[in-house]
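Take a look at the structure set out below.
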Amino acid sequence: MSSGSGADSAPAPFEPPTPRTTPAAVAEPRKGSMFSSLRIRNYRLFFTGQVVSNIGTWMQRIAQDWLVLSLTGSSTAVGVTTALQFLPMLLLGLYGGLLVDRLPKRPTLLVTQSSMAVTGLALAALDLSGHVEVWHVYVAALLVGMATVVDNPARQTFVSEMVGRGQLQNAVGLNSANFQSARLIGPAVAGVLITGMGTGWAFLINGLSFAAPLACLMLMRTCELHPVERAPRAKGQLREGIRYVSGRPHLYWTIVLIGFVGAFGFNFPVVLSAFAYDVFDTGAAGYSFFNILIAVGSLAGALLAARRARARLRLLIGAALAFGLLEVVAALSPGLWLFAALLVPLGAFSMTLNVTANTSVQMATEPAMRGRVMSLYMMVFMGSTPIGAPLAGWATDVYGARAGFVACGAVATLSAVAVGVALARLGRLRLAVGWQGAHPTVRVVPRERELVTAS
């Protein structure tokens, strides 16, 4: 993909350009084909394995946060746990993406998924035996984070190898729907297990759940994968990936936005556990309930994203702005039920933001560069958590859960406004206010078009 070849070939405003290596014969998915990529056998196997594993992952997340909070009584400690899980992505994310560009994806995923299964089983053994301490949870979170450095970009880029470019938007949306469906089941089961039997059983089920994706990966037909040229070993490949993104403003502004929102806006483990523990005194069951409500909205947002034929950057900005504002409103909600009700649209906008950003970056990136670009994306998105989570935990401990949540929402809102202005200037756009019949209208239009209309 060229970084620019003149005005005639420039992409439409707020639309990421298509890589030139895209085969012309590949048809874009039609809007409304919500489950079309599930017709592909390999992707159907992948999807099935991930359903089981994701349920276990969400059970472990809830149990991990609650165990740390129970052992320490500190939201800062929960933030530190979250930070340790995402710190490897911040430090090593680019190297993970480079490995993914060089290695075959399916064998790589077999190794990373197996390592995460072993970590979950080890934490279960410590907890069930009564010997668990908070530093054990810290180490387990760090080890999972190290596996994620390679696992995450491998899973992200393996989707395109299973379904091809024509079904990529649909498959990314269904992946998110898969994850959020598990978010409905996992926290509910975890809440029951934690209340009745303790956190150790959630860790055990998570470790065993990895058998499903491992079996499904082994059952795939490699002859049906879309071949992608792997990057050869050469000097300067990390710098090449950074230059690739820096030369494409639609990529780096998307990554900048997702970095700020990921660092501060997506600190749900810190904020929701504090609201359940301190503000509404609902205990582990309430914390699980809050996560389920977020998941309901996220699932709806993911399914709607799967129906869209294209990932539009203006939708990305709008979703980020709505997400930040909803966080501020939810933080100031006086009662439990109003707070709970606002979590559903909050989840929907968070997933719209997530899927739109993910898809727009993947579809605007050359296949040979996709591992490095997606690792940079995930490094910023997930790796920013070690910065934001402890800060959100500190603000929550010192100033209260409501103030901490307001601060997170304010950062997300300001980031959306700033990146929206930057992209508008890049595309020479501005707001046009007018009337359509008896109703006022506000549209984003090119400056030239507005000048012609005015004259």
Side-chain angles (χ1 to χ4, degrees), residues 18-19 21-55 57 100-101 103-113 151-182 209-230 298-299 301-311 351 354-371 373-374 378:
T18 301
T21 55
T22 302
V26 175
E28 293 294 332
R30 293 172 298 143
K31 183 177 180 179
S33 53
M34 185 177 290
F35 303 103
S36 58
S37 56
L38 288 176
R39 301 189 189 105
I40 301 168
R41 180 182 181 275
N42 283 340
Y43 180 72
R44 192 164 59 247
L45 280 169
F46 178 83
F47 186 91
T48 302
Q50 291 299 308
V51 167
V52 179
S53 178
N54 284 337
I55 291 173
T57 296
V100 168
D101 278 339
L103 298 173
K105 309 296 186 296
R106 192 172 70 103
T108 301
L109 287 170
L110 286 169
V111 173
T112 58
Q113 298 275 297
D151 182 80
N152 211 300
R155 279 189 295 107
Q156 299 283 342
T157 56
F158 190 48
V159 172
S160 63
E161 292 191 24
M162 288 184 287
V163 304
R165 178 179 169 80
Q167 293 290 341
L168 182 59
Q169 166 85 5
N170 179 262
V172 170
L174 287 181
N175 275 358
S176 299
N178 184 331
F179 191 67
Q180 299 308 322
S181 298
S209 72
F210 281 97
L214 290 171
C216 290
L217 285 168
M218 294 174 68
L219 289 171
M220 286 185 181
R221 297 170 183 165
T222 56
C223 61
E224 295 179 5
L225 296 174
H226 294 255
V228 173
E229 182 181 355
R230 297 204 296 269
S298 298
L299 177 59
L303 290 174
L304 289 173
R307 294 190 60 184
R308 297 188 186 100
R310 300 186 67 182
M351 191 48 55
N354 195 347
V355 174
T356 304
N358 187 307
T359 309
S360 64
V361 169
Q362 286 208 57
M363 295 187 74
T365 303
E366 305 289 351
M369 296 294 299
R370 196 166 285 152
V373 172
M374 287 308 297
M378 297 309 301

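We number each residue from 1, following the sequence as shown.
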With [X], which residues qualify under side-chain contact (heavy atoms from CB on, under 4.5 Å), at least two apart?
X	value
Gln50	Phe46, Asn54, Gln113, Arg155, Asn178, Pro213
Leu45	Arg41, Cys216, Leu219, Met220
Leu110	Leu214, Leu217, Met218
Ala154	Val100, Thr108, Leu109

Considering only residues two or more places apart or on different chains, which pairs with a residue in residues 209-228 satisfy side chain to side chain donor-acceptor pair (under 3.5 Å)?
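For residues 209-228, and leaving out neighbouring residues, the side chain to side chain donor-acceptor pair (under 3.5 Å) pairs sorted by first residue read Arg221-Glu224.
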Return yes if some donor-acceptor pair links the side-chain N/O of Tyr43 with the main-chain N/O of Val159 below 3.5 Å, else return no.
no
With a 4.5 Å heavy-atom cut-off, do Val52 and Phe210 have their side chains touching?
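Result no, sub-4.5 Å side-chain heavy-atom pair not found.
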Out of curiosity, Thr157 OG1 to Asp101 CG, how far, rounded to the nearest 0.5 Å?
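Atom-to-atom, Thr157:OG1 and Asp101:CG are 7.5 Å apart.
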How many angstroms lie between CZ in Arg44 and CZ in Arg39, if you round to the nearest 0.5 Å?
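Going from CZ on Arg44 over to CZ on Arg39, the span is 10.5 Å.
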Could I get the full list of side chain to side chain donor-acceptor pair (under 3.5 Å) partners for [X], not counting sequence neighbours?
X	result
Asn42	none
Ser53	none
Thr48	none

